[in-house]
Amino acid sequence: MPTCLMCPVLFVAQMVEEGSTLLRRMEICVAEAEKRSGKNAVNMQETFTHADKCSPDSLWRRYSEFELLRNYLIVTYPYIVVPPLPEKRAEFVWHKLSADNMDPDFVERRRVGLENFLLRVASHPVLSNDKILYHFLTEHGWKEAVCETGFQAKVDSRLRALSATFRVRNPDKRFMEMKHYSDELQSHTSQLLRARARVADRLYGVYKVHGNYGRVFSEWSAIEKEMGDGLQSAGHHMDAYAASIDDILEEEEHYADQLKEYLSYAEALRAVCRKHELSQFELEMASQDLISKKQQREELTTGIVRTFSFKGMTNKLFGQEAPEQREARLKLLEELIAEGEESVKEKTVEREEHVERAWVDMQRFKEQKDKDLREALISYAVMQISMCKKGIQVWGNAKECFLKM
């Protein structure tokens with residue numbers, strides 16, 4: 001039978017001031033993964049603390065349910081850079097690393113990624129107050145609640161979004177620059193991950209070849225009396241050095257996962273920019289339609305046709321329409337113009353609200369990104385320095401062994 005993840009999530013409710021994020025009201029963590037029959041199920045065990053009473057409960061969540069939650073958040077909050085989920089299948093891996101989705105190390109990293117997703121959402125000043133998120137964390141039947149929102153009907157068609165990208169006339173320059181930045185961020189991050197994978201392959205070979213030193217020193221020690229002990233000890237140090245690379249590169253995967261998160265964040269940033277393009281495009285189309293209808297009203301009122309039209313050509317050939325027909329058309333145009341003005345007003349408000357809210361969240365995201373990537377790169381550099389020091393220590397120990405011969 002197919003196996004899946006069981007990831008208990010622990011919650012501890014706390015009384016706090018109104019308006020605080022969910023993370024300040026709950027302690028959220030994803031516990032160690034376990035196998036269970038089914039498809040990508042994720043178990044979430046929760047513990048609520050209320051006065052002197054503690055009521056444990058457990059919830060099962062599939063990976064697809066995390067995807068459903070995120071899709072709901074993207075549609076409901078189009079002005080927010082929604083945190084990404086961890087990768088479903090391993091990418092940018094060096095060739096010795098298993099790409100099996102059920103490999104224990106990969107499963108553990110994905111568990112960390114799922115927990116990170118929940119923590120980011122629960123600490124977000126807007127997303128954390130969403131009722132569906134709370135249902136996801138606390139109720140068995142949360143899917144019924146999310147379906148009742150009807151969010152699927154609000155999903156923008158890809159064709160409409162693509163059309164808006166190429167046909168929008170006056171997009172906000174800041175969003176165009178941010179969209180370009182997201183493309184560059186994705187490009188540079190993917191290049192860094194590929195470079196890291198190539199370095200890991202070569203590093204693995206360099207470390208493992210030290211095992212040859214260990215084998216040669218150990219075999220050599222068997223034929224030497226005075227030098228034997230020193231050679232054998234040096235061989236042991238080389239063997240330990242060669243074996244250490246597996247743990248080192250597994251630790252490196254943690255930093256690679258942090259970069260992969262921002263590789264996915266780049267797409268989330270682009271999604272907000274595309275939503276701006278779509279709202280701007282719809283406003284421009286509504287405005288253009290309103291201008292066209294007002295022009296038709298003017299032509300009908302004055303009898304002066306400013307642009308070529310089939311109707312104007314027909315009137316020239318067969319004469320003007322009857323006064324009753326003209327009045328009926330004017331009345332209909334007045335109604336359509338009133339509807340058009342209301343539509344333009346609504347779309348203007350919608351566009352302005354999206355621009356204002358999205359820009360605020362983009363600045364929040366930028367601060368978070370700068371902090372996270374700075375810390376990740378510094379930690380990665382520290383790890384590399386530590387690894388080099390261990391190499392120096394191994395050869396220093398070997399030198400001591402040789403001196404004792």
Side-chain angles (χ1 to χ4, degrees), residues 7-30 42-50 57-86 113-156 261 264-265 267-276 278-279 349-350 353-365 367-369:
C7 297
V9 175
L10 305 177
F11 305 97
V12 179
Q14 300 174 350
M15 296 297 292
V16 293
E17 68 275 8
E18 177 114 9
S20 64
T21 63
L22 184 62
L23 196 58
R24 294 186 61 185
R25 285 171 280 169
M26 282 185 179
E27 179 184 342
I28 303 174
C29 68
V30 179
V42 177
N43 170 276
M44 307 167 77
Q45 179 186 3
E46 57 183 9
T47 303
F48 290 91
T49 302
H50 179 67
D57 193 9
S58 63
L59 298 171
W60 286 93
R61 293 286 182 256
R62 292 183 172 89
Y63 185 88
S64 60
E65 291 183 81
F66 280 84
E67 291 178 314
L68 178 62
L69 172 64
R70 186 171 185 272
N71 289 337
Y72 158 78
L73 294 174
I74 290 172
V75 172
T76 308
Y77 304 96
Y79 52 89
I80 286 177
V81 184
V82 178
L85 289 169
L114 290 173
E115 179 176 284
N116 187 57
F117 166 75
L118 289 177
L119 293 177
R120 288 207 186 277
V121 172
S123 62
H124 191 282
V126 175
L127 300 180
S128 63
N129 294 305
D130 185 85
K131 292 182 179 179
I132 296 300
L133 171 63
Y134 188 78
H135 290 326
F136 176 86
L137 296 172
T138 61
E139 297 183 11
H140 292 276
W142 85 279
K143 290 176 75 173
E144 288 76 9
V146 73
C147 290
E148 287 174 0
T149 65
F151 83 95
Q152 294 95 334
K154 302 175 185 176
V155 177
D156 293 326
E261 182 186 23
S264 300
Y265 255 128
E267 175 55 33
L269 190 58
R270 269 200 302 273
V272 176
C273 295
R274 285 197 298 268
K275 183 62 181 179
H276 161 70
L278 185 57
S279 62
V349 171
E350 179 185 330
E353 285 183 351
H354 181 271
V355 167
E356 182 180 351
R357 292 176 176 178
W359 192 249
V360 169
D361 198 65
M362 284 175 171
Q363 298 310 302
R364 177 205 61 79
F365 166 75
E367 291 178 6
Q368 168 197 304
K369 177 216 32 136

Point to revise | Set of side chain to side chain donor-acceptor pair (under 3.5 Å) partners for H354, sequence neighbours left out | key: none
Exercise for review: Kindly write out the residues that satisfy side chain to side chain donor-acceptor pair (under 3.5 Å) with E350, not counting sequence neighbours, or none if the list is empty.
Suggested key: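 Testing E350 for side chain to side chain donor-acceptor pair (under 3.5 Å), a comparison that skips the adjacent residues, returns none.
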Point to revise | T76 (side chain) donor-acceptor with L73 (main chain) under 3.5 angstrom | key: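 Side chain of T76 to backbone of L73, a donor-acceptor pair under 3.5 Å: no, none is there.
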Point to revise | Heavy-atom check, side chain of V146 versus side chain of L69, under 4.5 Å | key: no
Practice item. Using the test ring-ring contact (aromatic ring centres under 6.0 Å, His included), find all partners of F151 that sit at least two apart in sequence or belong to another chain. Key: Y72
Practice item. Output every pair passing salt bridge (charged side-chain N to carboxylate O under 4.0 Å, His left out) with a member in residues 68-80, not counting sequence neighbours, ordered by first then second residue. Key: none
**Study point:** Where at least one partner belongs to residues 126-136, residue pairs that pass salt bridge (charged side-chain N to carboxylate O under 4.0 Å, His left out), sequence neighbours excluded
**Key:** none
Exercise for review: Find the distance between NZ (K154) and CD1 (I74) and round it off to the nearest 0.5 Å.
Suggested key: 14.5 Å
Donor-acceptor pairs under 3.5 Å, side chain of residues 118-127 to any protein atom, not counting sequence neighbours: which ones?
residue, atom, partner, partner atom, Å
R120, NE, E261, OE2, 2.6
R120, NH1, D372, OD2, 3.3
R120, NH2, E261, OE1, 3.2
R120, NH2, D372, OD2, 2.7
S123, OG, L119, O, 2.9
S123, OG, R120, O, 3.1
H124, ND1, V126, N, 2.9
H124, ND1, L127, N, 3.2
H124, NE2, D361, OD1, 2.7
H124, NE2, R364, NE, 3.3

Check your understanding: Tell me, which pairs form a side-chain hydrogen bond (donor to acceptor under 3.5 Å, both in side chains) where one or both residues lie in residues 141-151, sequence neighbours left out?
Key ->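 Found E65-W142.
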Point to revise | All side chain to side chain contact (heavy atoms under 4.5 Å, CB included) counterparts of E67, not counting sequence neighbours | key: Y63, S64, L85, K88
**Study point:** Minimum heavy-atom distance P86-L114, with the two atoms named
**Key:**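 Distance-wise, the nearest heavy atoms are CG-N, 3.6 Å.
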